[in-house]
Amino acid sequence: MQRKRYSPGRVPGTLLGLGAGLAVVAGALTGCSAADTAEDVTVDAKAGAAAAPVAPPGRYRTLFEPCGAVPQATLRDLLPGTAALTDVERAAVLRGTAAVTYDTDRRVGCAWTADSGNGTHRLVLDVERVVSYDPTVSDAARAQEVYTRKQLAAGIAVPETPAPTPTAPTTAATAPGATKVSATGAATPTGAPSSPTASGGATPPGTGAPSAGTPSAPATTGLEPRLLGGLGDIAFVGDTLGTTGGSGTQRVVSVVFRTSNVIVTVEYRQRTTGAAAAPDSKELQDRAQNLARLLADRLEE
């Protein structure tokens, strides 16, 4: 068999084809690698842009045991009817009745009731820990929403934040005899009186001091439902007087305060029977507020 003759400087066709194929494959791999890198950069950029700040958690994670939170001496003052009970009966009343809740880390409560010769005293304690399930809303902010609803239900308006007063633009002095334009667009010669009152004229109807027959606002007693200071982050007291069956009356005083993400409600009520006088508002409010401040101190421990 005769061999093919070798010619210097010539490359066999098979090798040329193989080299071209390798170049195409290398180019494809380079293109894929570049595309993958660009996609990775795009995904990382989107993930970074989607991240949002997380609101801080509330200060409290658990709640205290409510029935044991009120000292025995305080309970005896709030429930004067216990003085006429036997030791066994008094101990049972002062022990209180715990509220039924599904999660004692979220809500707890306790109630005490004692009858006396001319009526009944009842104390109810409710403690709620508010948790926000929105990562952009803090637990304390969500608790403030719950507290605001309670305040409005008590008939106490939420103070509105005053809108900023617009500042009038500064203008140059107007020459005598020139015409200036007011905010309403009306032209007024300078030097002329802007209103009859300014020139000593009569006061326009509907203005000036009220007449002697104008009714004035009712005088306040200082015991009406109102906001309280120095109790938690924010607090209020509510006071309602109503009638019960027959000729009896009942007064209900509620003190509600919020500390961070915990809302505490102290409800103290007294019911009288027969011809007994209506429960004293100041006495019940003072007692309820004193207990609320004691519980606020308990939260600080």
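Here, residue 1 is the first one in the sequence, and each next residue gets the next number.
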Would L231 end up clustered with L294 when hydrophobic side chains under 4.5 Å apart are linked, directly or stepwise?
yes
If we ignore hydrogens and angles and just use 3.5 Å, is the side chain of Q289 paired with the main-chain N or O of D286 as donor and acceptor?
no
Charged N-O contact under 4.0 Å between R129 and D105
no
Considering all heavy atoms of both residues, which atom of S138 and which atom of A55 are nearest to each other, and what is their separation?
N-CB, 3.3 Å
Using a distance-only test with no angle check, is there a side-chain donor-acceptor pair under 3.5 angstrom linking T259 and D233?
no
Non-hydrogen side-chain atoms of Q151 and V158 separated by less than 4.5 Å
yes
So which atom in P80 and which in D77 form the shortest heavy-atom distance, rounded to 0.1 Å?
CD-O, 3.9 Å
Could you tell me if R287 sits above the aromatic ring of Y268, with its cationic atom closer than 6.0 Å to the ring centre and no more than 45 degrees from the axis?
no
Polar contact flag, side-chain donor to acceptor under 3.5 angstrom, T272-T249:
yes
What closest approach, in Å, do P66 and G109 show between heavy atoms, and which atom pair accounts for it?
CG-O, 3.4 Å
How many angstroms lie between atom CZ of R149 and atom CD of Q144, to the nearest 0.5 angstrom?
10.5 Å
Nearest 0.5 Å, what's the SG-CZ distance between C67 and R95?
10.0 Å
Could you tell me which non-hydrogen atom of V124 sits nearest to which non-hydrogen atom of A111, and how far apart they are?
CG2-CB, 4.2 Å
Can you list the steps and then say if L123 with V266 is a side-chain contact (heavy atoms from CB on, under 4.5 Å)?
CA-CA 7 Å; L123 173 66; V266 176; 4.0 Å; yes
Does a side-chain N-to-carboxylate-O contact under 4.0 Å join R90 and D87?
yes
Between L227 and P159, is there a side-chain heavy-atom distance shorter than 4.5 Å?
yes
Would a distance-only check, ignoring hydrogens and angles, find a side-chain to backbone donor-acceptor pair under 3.5 Å from Q270 to L284?
no
Mark yes or no for whether R271, through its side chain, and T273, through its backbone, hold a donor-acceptor pair below 3.5 Å.
no
Kindly say whether the aromatic ring centers of Y147 and F236 come within a distance under 6.0 Å.
yes
Counting only N and O atoms by type, is there a donor-acceptor contact under 3.5 Å from the side chain of W112 to the main-chain atoms of L94?
yes
If two hydrophobic side chains count as joined below 4.5 Å and joins carry through other members, does V70 share a cluster with F257?
yes
Does P279 offer a backbone N or O that forms a donor-acceptor pair with the side chain of R251 under 3.5 Å?
yes
Exercise: do T136 and D134 side chains pair donor with acceptor under 3.5 Å
yes
Euclidean distance, L295 CG relative to L291 CG, rounded to 0.5 Å
4.5 Å
Could you tell me which non-hydrogen atom of I156 sits nearest to which non-hydrogen atom of R226, and how far apart they are?
CD1-N, 3.4 Å
Which heavy atom in A288 sits nearest to a heavy atom in V253, and how many Å separate them?
CB-CG1, 4.0 Å
Give the intermediate values and the outcome of side-chain contact (heavy atoms from CB on, under 4.5 Å) for residues T113 and V93.
CA-CA 7 Å; T113 304; V93 170; over 6 Å; no
Would a 4.5 Å heavy-atom cut-off, applied to side chains only, mark E267 and V252 as touching?
yes
Regarding E300 and R298, does a basic nitrogen lie under 4.0 Å from an acidic carboxylate oxygen?
no
Take R142 and N261 through the side-chain contact (heavy atoms from CB on, under 4.5 Å) test and state the conclusion after the steps.
CA-CA 8 Å; R142 188 68 74 199; N261 61 319; over 6 Å; no
What about V146 and V256, same hydrophobic cluster or not, with Ile/Leu/Val/Met/Phe/Trp/Tyr joined at side-chain heavy-atom distances under 4.5 Å?
yes
Indicate if L299 and I263 have the same hydrophobic cluster label, given that clusters are the connected sets of ILVMFWY residues with side-chain heavy-atom separations under 4.5 angstrom.
no
At what distance, to the nearest 0.5 angstrom, does CZ of R122 lie from CG of L78?
13.5 Å
Compute whether any side-chain donor of one residue and acceptor of the other, for T101 and R107, lie under 3.5 angstrom apart.
no
If you apply the rule side-chain contact (heavy atoms from CB on, under 4.5 Å), what do you find for T265 with K150, and how did you get there?
CA-CA 10 Å; T265 301; K150 292 178 178 288; 4.3 Å; yes
Between the main-chain N or O of G222 and the side-chain N or O of E224, is there a donor-acceptor pair closer than 3.5 Å?
yes
Judged by atom type as modelled, is there a donor-acceptor pair below 3.5 Å linking the side chain of E128 to the main-chain atoms of V262?
no
Would you compute the distance between atom OG1 of T104 and atom CZ of F64 and round it to the nearest 0.5 angstrom?
12.5 Å
Enter the distance from S254:OG to Q285:CD here, rounded to the nearest 0.5 Å.
10.0 Å
Quick one: do R293 and D297 satisfy salt bridge (charged side-chain N to carboxylate O under 4.0 Å, His left out)? Show the steps, please.
CA-CA 6 Å; R293 297 183 191 282; D297 292 339; over 6 Å; no
Judged by atom type as modelled, is there a donor-acceptor pair below 3.5 Å linking the side chain of D139 to the main-chain atoms of G58?
yes
